[in-house]
Every structure is written in C-alpha cells, then in structure tokens.
Amino acid sequence: MEKPLPRFLLPVAVSAFCLCFFLPASAQLVLGQYEDEAPLRSWNSFGIPSAAAVGLGGLSFARAQESTTSLTNPALLASLSGYSATLSGAYSAASLFKYSLVNTGVVVTRGNLVAGTYGLDSGSLSFRLGSWAFAAATGLLESYGRPGIRAEDSSQTYSLDMHQSGYLRIFHAAAARRVAAGLSAGLGVNYVSGRLSRSVLEEYSYLTGPITIADDKEEKYRGLFLNGGISWELAGRLTAALVFRSPYIKKAEAQSALRYQAPAGGTDIEINAEARNEYRQPWIFGAGGCYRLSAAWTLNADLAFFGWSRYRARFFDEPLARPFRDVLKAGVGVEYLANTRIFGHSGLVPLRFGVAYDPQPMDSPRSTYLSIGAGTGFRLPSLALDLSGSIGRENGSGNSLMAGQVVLTFTYISNR
Amino acid sequence: MRRPFALVLVFAVAWGFFPAFAKAAENGEIVSIDKREFIARHLEKKGLDLLMEKNGRVYIVASPGELASLFAARVRFSLETNRLYPFVRTGISPAGGLNGAYHSSLELETDLRILERDHPELAKVVEMGESLEKRKIYALKISGSVSLEENEPAVLFLGCHHAREWISVEIPYLFGKYLLDHYDGSPEVRDLLDHCQVWIVPLVNPDGLEYTIHVYRYWRKNRRMNGDGSYGVDINRNYGYRWGYDNIGSSPLPASELYRGQASFSEPETDAVRRLFFSRNFGAMISFHSFSQTIMYPWGYVNAPTPDESELNAVARTMSELISAVRGTVYAYGRAAGILYTTNGDTADWTYGVAGIPSFTIELPPVDVEHGGFFNDEAAIDAIFSENLPAMIYLTDYAVRHFVPAGRRPAGREGRLRPPDRIKFYGKIDKSP
C-alpha cells in the first residue's frame with residue numbers, strides 16, 4: 001500500500017509554483033555587463049595582464065615575469081634584475097547581447113554581437129638602483145567599444161545608426177624596495193585618461209523632405225589612484241603577495257547634444273547639456289601565491305576582491321542606478337618550463353595553463369565568466385617572447401556571452 | 001630607512017580614501033545609519049544635521065569631523081551623497097542636465113518636493129505607486145486646505161503616459177506651480193483652490209521617460225519585459241474601459257508600439273492611476289500628450305457619440321477658443337475616434353466610461369513632424385503652458401460648478417460622484433458596442 005503524501009506538501013508545492021511566476025518580476029531592470037560605462041569583456045579590470053599572466057589565469061600578484069606586473073603589484077619590481085623593457089600587443093573580443101538600445105526595446109538582434117579591439121596594449125620599463133627598483137608603464141586599461149548598429153526599413157525611408165567607442169589609458173610610475181630578506185614593498189601612482197563617445201542618428205524620408213534626429217554624448221575621463229603591494233619569499237619555494245588599488249573617482253567632462261532637424265518646416269531644435277560626471281571606482285584588494293614545485297613546475301593562485309557595492313555613477317547631475325555587489329575574482333595557473341636550444345643558445349620554453357573565475361558585479365542577473373587560458377613562448381637569458389590566449393564563457397545572463405583575448409608580449413631584461 | 005618607507009605606504013593607503021571623501025572635505029557627506037543603532041548610541045544628542053528618516057534608516061549630513069567621530073565610535077554607516085544629493089539641492093530648480101529644461105524623473109520629484117516645502121498649507125506630494133523599475137509615481141495634491149479631506153470636487157491632470165512626449169510632463173507640472181504661486185495674489189486661483197482639489201500627476205511613466213533620456217529619445221511605452229525579447233506596454237492602451245476592443249485601436253502584439261498588455265491594468269502605472277482615481281471625487285480629467293494640437297473627448301474606441309457628445313464638444317470648443325485667444329495657436333477639437341484615430345484602453349475613455357466625467361486628451365504642440373514632432377524647443381515650454389493655462393482653469397472651474405456633494409450620491413454608486421443628469425447616461429455607456 002502506498003504511503004500517502006504528507007498534507008503540508010500540497011500548499012508548499014502550490015506556493016513554489018506561484019513563486020515561479022512572481023520571481024521574474026524582480027528582473028525588470030536591464031542591468032548588465034554592458035552599461036555604457038562598462039569595460040568590454042569584464043568589469044573586473046586590475047592592471048593589464050601580460051601574455052604570461054593571461055596564460056596563468058589572468059592575475060599575477062606574486063610572480064614577476066616582466067615590468068608590466070608593476071600595474072598590479074609594484075613590489076615585484078624588486079625581484080627583476082638590471083633593467084627591463086616590455087611591450088605587449090593584444091586582440092580582445094567579447095560578445096554582447098543587451099547594450100544601449102540593442103535588445104532593450106528598439107533594435108532586436110538574432111543573437112549576440114561581437115566587438116573586438118586590437119593594438120599595442122601596454123609598454124613598460126623598469127630598472128634597479130641598489131635595493132630600490134623603479135618602473136614606468138602605459139597601456140590600454142579599458143575599452144568601451146560596442147558593435148555598431150545600422151538598421152533600415154525595407155522601403156529605405158527610415159534608418160538608424162548607433163555607434164559607441166571609447167577607451168581608458170593608464171600612465172603609471174612606481175617604486176619598490178627590498179625592505180628585508182625576501183620581503184619587498186612597492187607603490188605606484190596611476191593617472192588614467194580616456195574618452196567615450198556614443199551617437200544615435202535617425203533619418204526619416206518624408207514626402208516633404210528629410211527629418212533627422214541626432215543624439216550625441218561625449219565624455220572625457222581622467223582620474224588618479226594608487227596601487228601597491230608587498231611580496232614575501234617564504235621558504236625559498238613559495239612567494240606570497242598582497243596588493244591593493246585605491247578607490248578613485250573617474251571624472252568626466254561630459255557633453256550631450258540632442259538635435260531635431262526638419263528643413264521643410266524650418267525646424268532645428270537643439271538641447272545641449274554639459275556636466276561633470278563621476279564614476280566612483282571601488283577598492284581592490286588581492287592576495288596571491290606562487291609555489292615552485294620543482295625547477296620546471298610552478299603553481300600560481302590569485303584572489304582579488306572588488307568592492308563594487310561602493311561603486312557610484314553620477315551622470316549629468318543624476319545618480320545612475322547600479323545595484324552592484326562585491327565580488328571575488330580568482331585565477332589559478334600552472335607553468336612548465338622546458339629546456340631547449342634556440343638559435344644555438346640554451347633557453348626555456350614555458351608552457352602555461354590557467355583558469356579564471358570572474359563574477360560580474362550586477363546584483364541581478366548574476367553573471368560569471370569562467371575562462372581558460374593557455375600560452376607558450378621562449379625565454380633566453382635576456383629576451384623573452386610570450387604568446388597566450390584566453391577564452392571565457394559567461395553564465396547567468398541567459399545569453400551565453402563569450403570573452404577572449406590573445407596577447408603577445410616581448411620582454412628584454414638586462415642581467416647587469 | 002624602513003620607517004620612512006612604511007610611512008609612505010601608510011600615507012598611500014590613507015590617500016586612497018581621499019577621493020571618496022573629497023566631497024566631505026568641502027560640504028559634508030550624507031550618510032545613513034540604522035535607526036536602532038542611531039538611537040542606541042544616542043547619536044541624536046550629538047547635534048548631527050538630521051535630514052530624514054526612511055525605511056528604518058536615519059539620514060544625516062556629517063562633516064569630516066563628524067565622520068571621523070562615527071568611525072571612532074565604530075558606527076556602521078553608508079555613504080549616500082551620490083544617491084541623494086539632488087534631493088538636498090533645495091532652493092534651486094534642478095531642471096537641466098541631459099534633457100535640458102525638461103524634467104527627468106528625479107528632477108521632477110525634487111521640484112514637486114520643493115513645491116510642497118514652499119507651500120505646506122496648499123500642496124502635498126502623494127506617492128501613488130511604483131513603476132516596474134521601482135521608481136515612484138507621484139501626484140501633487142493642491143487645495144486651499146490640503147491636509148483636510150474635504151467633500152469637494154477634484155480635477156485630475158495627467159502627463160507623460162508616453163515616454164517621448166516630454167512636453168506633457170511640463171504642462172501639468174507648471175499648472176500646479178502656477179496655482180501655488182498665485183494662490184495669495186490671484187482671487188480667481190484662491191477661489192478655485194478653496195473649492196476644489198487639483199490633482200496633478202505629471203509623470204505616469206517614469207521608467208519610459210528615463211529610457212528616452214539615457215538610451216533612445218523616441219521610446220513610447222513603459223519598460224515591461226514582455227518575455228519574447230520585446231519591451232513595453234503602451235500604458236495609454238492599458239486602461240479597463242473597452243480594453244482590447246479591437247486590434248486597430250490597440251495591439252495584442254508585444255512588439256507593437258500600441259501593445260495593450262496582457263490584461264487591463266496589468267501595468268503598475270495604470271494601476272496607480274486607477275487607485276488614485278477611485279479614491280477621490282474627480283469631476284474632470286485631462287491627459288496630456290503630444291503632438292498635433294488637438295483636444296479630444298470620448299469615445300476613442302469607436303467612432304460613435306457618447307450621450308454627452310454635445311456637452312463634451314462644447315467644453316472642448318471652449319477650451320480650444322481659450323487656447324487660441326492667448327496667441328492664436330489653433331487646437332482642433334472633436335471626438336477622439338473621429339478626429340484622429342481609434343484607441344481602445346485609453347485614459348479618457350476609461351474615466352468617462354466608468355465615472356461619466358468630462359474627460360479629455362489634449363495633444364500639445366507642435367502641429368506636425370515638420371515642426372518638431374515629439375520635440376519642442378526648450379524656449380517654447382512656457383509659451384505652450386501659457387496658452388493651455390486658461391483651458392485648464394476653465395475645466396477646473398467647470399468641475400466645481402458641476403459638483404455633486406457626497407450626500408447626493410446615487411445609491412449603489414458609492415465612491416463615485418456625478419451630476420444627477422449623468423446617471424442616466426452611465427447605463428447607456430456601459431451597453432455601448
């Protein structure tokens with residue numbers, strides 16, 4: 001004889017069923033990775049990862065591969081010998097679904113759209129002076145480009161064009177010092193500048209003549225912040241590091257021009273605005289470790305905390321709704337060094353593999369990129385060339401977004 | 001050598017705080033503290049500048065020194081300056097910003113609060129409801145003794161059902177401001193407000209308005225996620241009288257600009273209007289839209305006359321003449337379905353259909369797309385208001401003159417008031433095709 005179901009199950013089941021209908025109501029806000037001010041690929045940008053870092057999961061707080069690491073942990077400069085120069089080029093791409101007027105009610109696409117950027121990503125120099133080390137670096141910290149849109153009706157009496165582009169460039173200077181055996185500390189000063197421009201142009205063809213509606217917004221960014229860290233070599237095999245980036249206000253001189261033109265009616269209406277926008281960037285704290293398993297094998301693990309709940313955006317004198325949460329980004333990577341001879345010189349071929357967990361700050365919908373990275377290259381005593389790529393897939397938004405990059409880094413390190 | 005370096009590091013970390021508190025150094029920060037903690041620690045005795053109390057939190061303005069004290073006392077607080085700064089910029093009109101002289105949702109809220117603050121005896125801001133994106137929908141109640149619930153007629157002025165019709169926010173808002181500014185100086189305004197309540201809802205669709213400001217200027221509907229990838233319900237097709245009567249006056253297709261929603265009053269915006277409407281004795285209603293310079297009265301859902309056709313036509317004609325007398329602007333007038341196109345589920349059909357009150361949709365300037373379409377020059381706002389002002393006063397006065405006190409309510413229609421000669425029409429209206 002079958003046992004009857006407990007009586008409480010029916011109301012519980014009915015309640016759960018009803019909840020399924022009510023829950024979606026909380027997701028009305030169209031917040032996502034790709035608000036206009038959101039960096040392409042991920043909100044969680046901290047420094048500019050070199051090819052070696054990308055191959056190891058994207059973060060590299062405890063291991064000095066070249067002077068670019070100063071952007072995240074200047075303390076690592078103290079472990080570089082002589083002087084060094086690094087140049088990186090990168091191709092970065094991301095797929096987007098909801099952004100601006102795309103898939104938020106005006107323009108509907110059949111699937112995700114892809115935006116890509118390529119160019120010289122970063123350049124850096126470092127040199128040692130006794131127990132001190134210094135570095136200077138510059139690079140492309142964030143990109144705000146979006147896939148452009150052009151839509152027309154079949155009779156070609158109406159068209160809509162939308163474009164957005166922008167970037168944030170960083171200028172960095174840092175000093176580091178070996179303060180005790182195995183213990184180094186470093187501090188960097190960073191100035192960022194950039195711009196973001198967005199335009200929407202609509203054109204109607206009426207019998208009496210054309211009508212155009214243009215909406216242009218432009219922001220010029222600047223900001224100043226500090227980053228710093230300490231690294232500690234423990235027991236010869238293990239290096240641990242702590243890093244931070246200070247909060248700062250990314251300020252923007254902003255202009256907006258909205259214009260309606262209908263020459264047939266002699267109509268030309270403009271609404272112009274100027275403002276000083278502010279984007280309060282949060283603290284970032286990080287911890288990392290690098291463990292040398294053997295002469296050939298090294299394990300890296302890094303964790304970064306982004307205090308996005310403190311993020312505030314003020315846009316043309318009004319606060320923007322950005323209900324964000326704090327997030328922890330993590331990366332783990334392993335490197336194997338193979339001995340080889342290159343052009344008659346003995347050298348090393350690194351093989352790297354890493355994974356990264358990169359949750360985005362939006363409260364709803366929750367969205368996380370899971371990425372894998374891999375890389376290789378060759379290292380001579382003074383020269384290194386590294387090539388790495390990463391690809392990440394997003395979960396949570398329902399749009400299966402992708403983000404990836406390929407980075408090529410050339411490094412010269414003198415042994416003096 | 002180690003100590004100087006450590007000092008530099010400490011300074012650097014402290015300096016990291018600096019940007020976040022830069023504003024505090026200038027003016028003080030707005031911070032919120034859990035009310036229980038505020039009381040428990042007797043912070044109220046410390047002379048902090050108390051702003052308000054909301055949702056269990058106390059909001060204060062704290063100087064840098066006071067912030068340091070809060071830190072030292074280990075009081076947990078949240079910085080709210082960015083979020084609330086516009087609200088404390090009292091004393092100046094915050095209109096400006098991205099949409100120029102037109103109001104954003106936040107600017108309107110601030111300006112309504114300013115009117116309430118400056119005229120506490122006459123004006124009261126009422127939260128009618130909340131939009132899908134959790135923005136408040138506000139009504140401004142204006143009356144000679146606003147705090148009293150008197151048995152007097154009420155007139156309703158609604159704006160911005162359609163997000164892109166920015167001018168339709170300004171006209172009802174300016175009407176409220178005009179009444180309040182002229183109560184003391186104008187016997188006509190004083191007499192009017194002493195005998196009625198004017199209810200002004202300048203912004204029925206705040207989410208849509210914000211979308212037009214930030215993303216796409218020509219957005220029309222609200223911001224409902226329809227579940228099929230499309231967004232928005234046309235909330236002026238979502239009211240309950242002859243809702244979905246046909247697929248010409250509204251659309252069952254979610255992607256359509258005229259999408260009427262899944263059910264009448266399915267949207268929080270229309271539901272908020274409904275609840276306000278049924279809570280008062282409204283004697284007349286105008287819903288402002290743009291564009292085409294037209295005054296329309298029911299029916300909209302079908303091109304057939306209401307039993308009150310001649311009276312509604314006479315009121316519309318008078319309003320048109322009053323508007324034209326200001327500076328010659330011609331507003332056409334007529335039955336909605338006849339003069340423009342059929343609409344079902346719109347505001348005027350509903351308020352007339354359920355309450356039998358004079359109900360009008362006024363399409364503000366310009367007259368056509370060649371003269372701006374949904375755009376109006378910022379400099380034209382005052383002129384458009386000035387020409388509509390006599391018509392709004394006339395309709396308010398009309399409602400006062402035709403008011404039926406509560407004691408004479410017809411049996412079975414509690415909560416609704418209408419002149420006795422209208423009662424006979426009500427039944428007929430309900431049976432209309």
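By convention in this document, chain letters (A, B, ...) are assigned in the order of the sequence lines, proteins followed by strands, and residues within each chain are numbered from 1.
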Given that the side chain runs from C-beta out, which part of [X] has a heavy atom under 4.5 Å from chain B: side chain, backbone, both or neither?
| X | answer |
| --- | --- |
| A:Ile211 | side chain |
| A:Glu270 | backbone |
| A:Arg198 | side chain |

Got a salt bridge between B:Glu130 and B:Arg135, using NZ or NE/NH1/NH2 to carboxylate O under 4.0 Å?
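No, B:Glu130 and B:Arg135 are not salt-bridged.
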
Backbone of A:Tyr144 reached by a side-chain donor or acceptor of A:Gln164 within 3.5 Å:
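Side chain of A:Gln164 to backbone of A:Tyr144: a pair is present.
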
Measure from NZ or CZ of B:Arg223 to the centre of the six-membered ring of B:Tyr211 and say whether it is under 6.0 Å with the direction within 45° of the ring axis.
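Yes, B:Arg223 and B:Tyr211 form such a contact.
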
Can you confirm if the NZ or CZ of B:Arg217 lies within 45° of the ring axis of B:Trp166 and under 6.0 Å from the centre of its six-membered ring?
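Output yes; distance and angle both within limits.
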
Please report the C-alpha distance between A:Glu253 and A:Arg222 in whole Å, then the side-chain angles of each, then the deciding distance to 0.1 Å, and finally whether the side chain to side chain contact (heavy atoms under 4.5 Å, CB included) criterion is met.
CA-CA 9 Å; A:Glu253 298 291 330; A:Arg222 63 191 165 81; 4.1 Å; yes

Take a 6.0 Å sphere around CD of A:Gln261 and say whether it holds more than 12 heavy atoms from other residues, nucleotides or ligands.
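Counting neighbours around CD of A:Gln261, more than 12 heavy atoms of other residues, nucleotides or ligands fall under 6.0 Å, so yes.
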
Considering only heavy atoms and a distance below 4.5 Å, find which of A:Leu320, A:Asp268, A:Leu101, A:Asn272 pairs most often with chain B.
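Most heavy-atom pairs within the cutoff with chain B belong to A:Leu101.
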
Of the listed residues (A:Gln255, A:Glu274, A:Glu202), which shares the most heavy-atom pairs with chain B below a 4.5 Å separation?
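Max contact count across the listed options: A:Glu202.
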
Please classify the contact between B:Asp207 and chain A as side chain, backbone, both or neither, with a heavy-atom cut-off of under 4.5 Å.
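Neither part, no heavy atoms under 4.5 Å.
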
Contacting moiety of B:Tyr218, where chain A heavy atoms sit under 4.5 Å
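For B:Tyr218, the contact with chain A is made by the side chain alone.
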
